[in-house]
Peer 1: 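Have a look at the structure that comes next, please.
Start at 1 and go down the list; that is how both ligands and their atoms are numbered. Keep in mind the model is a prediction, meaning the values are calculated, not measured.
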Amino acid sequence: MDMDSVSTGDNNTSSLLEAQSHVWHHAFNFVTSMSIKCAVQLGLPEAVGAHAGPISLPDLVSSLGLPPSKAPYLHRLLRLVAHSGFLSLHTKLNDVERYSLTPAGRFLLSDNPYNAGSLLLAVLDPVLTEPFHHMSAWFRSEKTTFSSTHGGKMAWEYMATDAVFSDLFNDAMARDSCMIAELVVKEGRSAFEGVGSLVDVAGGTGNMAKAVAKAFPGMSCTVLDLPHVVSGLEDGGNNVKYVAGDMFESIPAADAVLLKWIMHDWDDEKCVKILRKCRTAVTGEGKDGQVIIIDMVLGNQSLDEKLRGVQYAFDMEMMVSLTGKERSEEEFAKLFFDAGFSSYHINPILGTRALIQVYP
Ligand SMILES: C[S@@+](CC[C@H](N)C(=O)[O-])C[C@H]1O[C@@H](n2cnc3c(N)ncnc32)[C@H](O)[C@@H]1O
Ligand SMILES: O=c1cc(-c2ccc(O)cc2)oc2c(O)c(O)ccc12
């Protein structure tokens, strides 16, 4: 929209209405998000996906086990979910509206290994939405980091006390790792070639390490994460093992360490601490290894408007929920050099994210 015409006082009818709609669009964005969340919670993607061909409203009501009186309300939900790109609407057969899943809709299926519904549910959980109500108060305060606390507990400490949210979050991370691992093995294979041992630092429940280990059977992989995340997890095959520990204390020695979605969780000081530990891990025992980072790099790729908006939204999430941030190449370079590394290479192969190789 032409915002200049509004600010320069071009008050013709269409500019005024356009400007008002622009505000409404953003004010009501959360209604769209919450409606998609409701659809996921109802099991709507599964019901649509399981039907042989596009499904009608009455069939959906019955397969979701909803009272028939809810049909007109479900119709309204479906209209918004379809408009948002998760369902396709088919009206050809006897003028009856029927729905099927779009590619984005299939990402909401719980049995899709790449499922992004868990991330959607986690991001829209009150645990993560509540702190946003306090953002303006924080801006007015003298505090330098927002970093919301949950009942006085910081992010990862809180996770250890809320098993339901922690499981949801870990599942979201694990599903993301399934897809990223496949893309990394396909598009970024060269980064892992010749690596005999790898530590996935803060590697969650180990999906990334398992996929890398499967693609490179000669590689021995270790997943390091906090005790509440890895305790009880079985070693994932011959060449994947779990280690409970604290990455700020010690990281096992390896040819390479992987930091997927870790740097953006932390402020610069903590990132340098983690990177120094990683440097020790890949240079010990006469090694000359590398650190592989998967994270967003702001301004590095020629991303479209929508994806840049996604990056800026992630940055706000990191600011509000954790002490982290999304970084530009210059900001990453400063961290690398402050931690004693000498060079790096950014491979923009993962959409909003990139694979960065950092060398001692
Ligand atoms: C955003 S998740 C990323 C998980 C995984 N790398 C992925 O992308 O799926 C961050 C992870 O950091 C772990 N973590 C937080 N503090 C840690 C610490 N001090 N030492 C080891 N792991 C830590 C959390 O438990 C969580 O699994
Ligand atoms: O969307 C998120 C949210 C978090 C998060 C928020 C609050 C906590 O107490 C812990 C974690 O962390 C994320 C994250 O680390 C990530 O890589 C992507 C998304 C999110």
Peer 1: By number and element, which atoms of ligand 1 are closer than 4.0 Å to a non-hydrogen atom of F248?
Peer 2: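 Near F248, the atoms of ligand 1 are 19 (N).
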
Peer 1: Taking non-hydrogen atoms only, is I262 closer than 4.0 angstrom to ligand 2 via side chain, backbone, both or neither?
Peer 2: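 The answer is neither.
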
Peer 1: Nearest 0.5 Å, please: how far is CD1 in I292 from CD in Q357?
Peer 2: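 These two atoms lie 6.0 Å from each other.
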
Peer 1: If we only count heavy atoms from C-beta on, is the R353 to I180 side-chain gap below 4.5 Å?
Peer 2: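 R353 reaches I180 side chain to side chain.
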
Peer 1: Who's the nearest protein heavy-atom neighbour of atom 8 (C) of ligand 2, and how far?
Peer 2: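 Ranked first by proximity to atom 8 (C) of ligand 2 is A155 CB, 3.6 Å.
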
Peer 1: Under 4.0 Å from a heavy atom of V229: which atoms of ligand 1 are those, numbered in the order shown and with their elements?
Peer 2: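 Answer for ligand 1: 25 (O).
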
Peer 1: Could you tell me which atoms of ligand 2, counted from 1 in the order shown, lie closer than 4.0 angstrom to a heavy atom of M173?
Peer 2: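 In order of numbering, the contacting atoms are 16 (C), 18 (C).
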
Peer 1: What residue and heavy atom of the protein are closest to atom 9 (O) of ligand 1, and at what distance?
Peer 2: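 Of every protein heavy atom, S177 OG, 3.0 Å lies nearest to atom 9 (O) of ligand 1.
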
Peer 1: What's the spacing between E329 CD and I356 CD1 if we round to 0.5 Å?
Peer 2: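 Between E329 CD and I356 CD1, I get 8.5 Å after rounding to 0.5 Å.
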
Peer 1: Taking 4.0 angstrom as the limit and counting only heavy atoms of W266, give me the atoms of ligand 1 inside it, by number and element.
Peer 2: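 Near W266, meaning under 4.0 Å from one of its heavy atoms, ligand 1 has 16 (N).
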
Peer 1: Between V320 and F139, is there shared hydrophobic-cluster membership here, with clusters defined by ILVMFWY side-chain heavy atoms closer than 4.5 Å?
Peer 2: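 V320 clusters together with F139.
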
Peer 1: Pick one of side chain, backbone, both or neither for how V127 approaches ligand 2, counting any non-hydrogen atom pair under 4.0 Å.
Peer 2: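 Near ligand 2, V127 shows nothing, with every heavy atom at 4.0 Å or more.
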
Peer 1: On a heavy-atom basis, I'd like to know which of H264, E157, E317 is closest to atom 18 (C) of ligand 2.
Peer 2: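 Nearest option to atom 18 (C) of ligand 2, by heavy atoms: H264.
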
Peer 1: Is there a polar contact between ligand 2 and W156, counting only N or O atoms under 3.5 Å apart?
Peer 2: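 Min N/O separation from ligand 2 is not below 3.5 Å for W156.
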
Peer 1: Closer than 3.5 angstrom, by distance alone: can the side chain of N112 be matched with the main-chain N or O of R106 as a donor-acceptor pair?
Peer 2: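 Flag set: sc N112 to bb R106 pair under 3.5 Å.
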
Peer 1: In the protein, which heavy atom is nearest to atom 18 (C) of ligand 1, and how far is it?
Peer 2: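 Among all protein heavy atoms, the one nearest atom 18 (C) of ligand 1 is L226 CD2, 3.5 Å.
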
Peer 1: Could you find the nearest protein heavy atom to atom 20 (N) of ligand 1 and give me its residue, atom name and distance?
Peer 2: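 Checking every protein heavy atom, the shortest distance to atom 20 (N) of ligand 1 gives M247 N, 2.9 Å.
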
Peer 1: What residue and heavy atom of the protein are closest to atom 25 (O) of ligand 1, and at what distance?
Peer 2: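 For atom 25 (O) of ligand 1, the nearest protein heavy atom comes out as D225 OD1, 2.6 Å.
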
Peer 1: Regarding D265 and K270, does a basic nitrogen lie under 4.0 Å from an acidic carboxylate oxygen?
Peer 2: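 No salt bridge links D265 with K270.
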
Peer 1: Please determine whether a side-chain nitrogen of the Lys or Arg among K334 and E331 lies less than 4.0 Å from a carboxylate oxygen of the Asp or Glu.
Peer 2: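 Looking at E331 together with K334, the answer is no, because their closest N to O distance does not fall below 4.0 Å.
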
Peer 1: When you measure from atom 14 (C) of ligand 2 to every protein heavy atom, which one gives the shortest distance, and what is it?
Peer 2: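 I find the closest protein heavy atom is D265 OD1, 3.5 Å.
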
Peer 1: Closest non-hydrogen protein atom to atom 10 (C) of ligand 2, residue and atom name please, with distance?
Peer 2: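 Nearest protein contact, heavy atoms only, for atom 10 (C) of ligand 2 is M159 CE, 3.3 Å.
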
Peer 1: If you count the atoms of ligand 1 from 1 in the order shown, which ones are under 4.0 Å from a heavy atom of G245?
Peer 2: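 So the atoms of ligand 1 that pass are 20 (N), 21 (C).
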
Peer 1: Please check if any side-chain donor atom of D171 sits under 3.5 Å from a side-chain acceptor atom of S118, or the reverse.
Peer 2: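 Side chains of D171 and S118: pair found under 3.5 Å.
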
Peer 1: Please classify the W261 to ligand 1 contact at 4.0 Å (heavy-atom distances, strictly less than): side chain, backbone, both or neither.
Peer 2: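 The answer is both.
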
Peer 1: Within the structure, does V201 bring an N/O atom to less than 3.5 angstrom of an N/O atom in ligand 1?
Peer 2: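 No, V201 has no N/O under 3.5 Å of an N/O on ligand 1.
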
Peer 1: Would E193 and R189 pass as an ion pair if we require N to O under 4.0 Å?
Peer 2: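 Result for this pair is yes, salt bridge flagged.
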
Peer 1: Over 60° means perpendicular and under 30° means parallel, so tell me whether F341 and F336 are parallel, tilted or perpendicular.
Peer 2: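 F341 vs F336 ring planes: perpendicular.
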
Peer 1: Compare all side-chain heavy atoms of D176 with those of W261 and state whether any distance is below 4.5 angstrom.
Peer 2: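 Yes. Closest side-chain heavy atoms under 4.5 Å.
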
Peer 1: Just wondering, do Y359 and D288 contact through their side chains at under 4.5 Å, heavy atoms?
Peer 2: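 In short, these two side chains do not touch, never coming nearer than 4.5 Å.
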
Peer 1: Looking at D265, which atoms of ligand 1 are within less than 4.0 Å of one of its heavy atoms?
Peer 2: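 Once the distances to D265 are compared, the set is 1 (C), 10 (C).
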
Peer 1: Quick test: of every protein heavy atom, which one is nearest to atom 2 (S) of ligand 1, and how far off is it to 0.1 Å?
Peer 2: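 Atom 2 (S) of ligand 1 sits closest to the protein heavy atom M173 SD, 3.8 Å.
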
Peer 1: Decide whether an N or O pair under 3.5 Å exists between K260 and ligand 1.
Peer 2: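 Yes, K260 has an N/O under 3.5 Å of an N/O on ligand 1.
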
Peer 1: Numbering the atoms of ligand 1 from 1, which are under 4.0 Å from a heavy atom of D246?
Peer 2: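 Listed by number with element: 18 (C), 19 (N), 20 (N).
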
Peer 1: Starting from atom 20 (C) of ligand 2, find the nearest protein heavy-atom neighbour and note its residue, name and distance.
Peer 2: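 The answer is M318 CE, 3.5 Å.
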
Peer 1: Quick one about E18 and S14 (side-chain donor to acceptor, distance below 3.5 Å, no hydrogens or angles considered), yes or no?
Peer 2: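 There is no such pair between these side chains.
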
Peer 1: Looking only at protein heavy atoms, which one is nearest to atom 7 (C) of ligand 2, and how far off is it?
Peer 2: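 Its nearest protein heavy-atom neighbour is L128 CD2, 3.3 Å.
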
Peer 1: Going by the side-chain hydrogen bond (donor to acceptor under 3.5 Å, both in side chains) test, name the single residue among R327, K325, K273 that passes it with D268.
Peer 2: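 Only one of R327, K325, K273 forms a side-chain hydrogen bond (donor to acceptor under 3.5 Å, both in side chains) with D268, namely R327.
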
Peer 1: Atom CG in N170, atom CZ in F165: separation rounded to 0.5 Å?
Peer 2: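 With rounding to 0.5 Å, CG (N170) is 9.5 Å from CZ (F165).
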
Peer 1: Taking the non-hydrogen atoms of F169, is any one of them nearer than 4.0 angstrom to ligand 2?
Peer 2: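 Contact check F169 vs ligand 2: positive.
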
Peer 1: Tell me the protein heavy atom at minimum distance from atom 11 (C) of ligand 1, and give that distance in Å.
Peer 2: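 It is A202 O, 3.7 Å.
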
Peer 1: Can you find a non-hydrogen atom of D176 under 4.0 Å from ligand 1?
Peer 2: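 No, D176 has no heavy atoms under 4.0 Å from ligand 1.
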
